[in-house]
S.K.: 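Below you will find the structure I want to go over with you.
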Amino acid sequence: MKTIRCFALLLAAIATASVAIRFGLGAAAGAALPPPSGFVLVAHGGAGDYSKMSPEQIEMRRAAMAKAVQAGYAILAKKGASLDAVEATIRVMEDSGLFDSGRGSYYTREGVPEMDAAIMDGRTLNAGSVASLKHIANPIHLARLVMEKTPHVMLVGEGAEEFAKSQGIELVSPYLFFSEHEWQRYKNAKSAEEKKSAGLSANEEHGTVGVVALDQAGNLAAGTSTGGTVMKMPGRVGDSPILGAGTYANNESCAVSGTGTGEYFMRNIVAADICERVRYLHVSLEQAANDVVMKELVEQHGDGGVIALDPKGNVATPFNTEGMMTATVRADAKITLQGWSKNARPAVVSAK
Ligand code: ASP
């Protein structure tokens, strides 16, 4: 009888301890998971110089980001998974035609877009990535399918598009990605190159999109989708689909999506470097992100920025360019938009 009572007491103690850990009570509170109602989603719409953009264009981008973040918020508020919220948010930005991603992708020097994307689950470290796509309207969705329906992490070019077809995804004509605005950008860059005059400066506007999210179960996810850099060589792949360079998520450390000239992000494994500093050096997310973006990258003249999120809901959004548009939402349903210039006053809109 006495043994049975001892056993019951032991079970009760274990149950109490696991509740305390789950809800962040007691001595382990500092390192515990966020409270069950806590969630965060941060999106970026590219780092670069927005000063040449008209106020109307900036407003259009702000509105598109707010709409995208509303989609992600709706999922997280209903206890949905961060992975779903990341994909849904990015899809809206890809469809908007206002960013260097999906419909609005920049053109290669051959005058057609080639898109890259990646998505990563911080709980399992599962990931999917795609590159050099020419006929896919939503690269982030294909990346998700690579993660879930193949034994691989990355598929590129024709192989990726064949796989898309096998999954019932329609291959679209490159004309779907045509816009007068992008065509003009392409022609200007081409003629500047031919005349050997200054083309796009390194800090020229980028419009890659990326999202990091933390759901109510405490799981992180990250995703990035891009048309890459203006006038890139056909076949060039940037950092966005490279895990650890432009995209990374791990519940043990953080989730990151980067934007900027991808070659620097690849050479410096920017996303992984930030997360591993958090994990092994035990520095704060803010310090890790700042050290990598504002010191390491700056020393190499690597332009860009990141959005980073840790399992406690801390957010860091450093950028070394003139601007980096971001939108952040938490459980209070207030979307804070900022970053179209260094001194931009944040705008707050509702996520509902
Ligand atoms: N990082 C992207 C790339 O190099 C471009 C960008 O963020 O604007 O492909």
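Remember, it's 1-based here, ligands and their atoms both numbered in the order they're listed.
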S.K.: Does a side-chain N-to-carboxylate-O contact under 4.0 Å join R277 and D273?
M.R.: yes
S.K.: Is K165 salt-bridged to E161, going by a charged N under 4.0 Å from an acidic O?
M.R.: no
S.K.: Consider every N or O of T208 and every N or O of ligand 1, then say whether any pair is closer than 3.5 Å.
M.R.: yes
S.K.: May I ask you to say whether R267 pairs ionically with E263, meaning some side-chain N is under 4.0 Å from a carboxylate O?
M.R.: no
S.K.: What I want to find out is whether D215 reaches R123 closely enough, with some N-O distance under 4.0 Å, to be called a salt bridge.
M.R.: no
S.K.: Under 4.0 Å from any heavy atom of T259, which atoms of ligand 1 are there?
M.R.: 6 (C), 7 (O), 8 (O)
S.K.: What do you reckon, does D100 have a nitrogen or oxygen under 3.5 Å from a nitrogen or oxygen of ligand 1?
M.R.: no
S.K.: Does G260 come within less than 4.0 angstrom of ligand 1, counting non-hydrogen atoms of the residue?
M.R.: yes
S.K.: May I ask whether R236 has any heavy atom positioned less than 4.0 angstrom from an atom of ligand 1?
M.R.: yes
S.K.: What are the atoms of ligand 1, with element, lying closer than 4.0 Å to any heavy atom of G238?
M.R.: 9 (O)
S.K.: Would the number of heavy atoms belonging to other residues, nucleotides or ligands and lying under 6.0 Å from CE of M233 be above 12?
M.R.: no
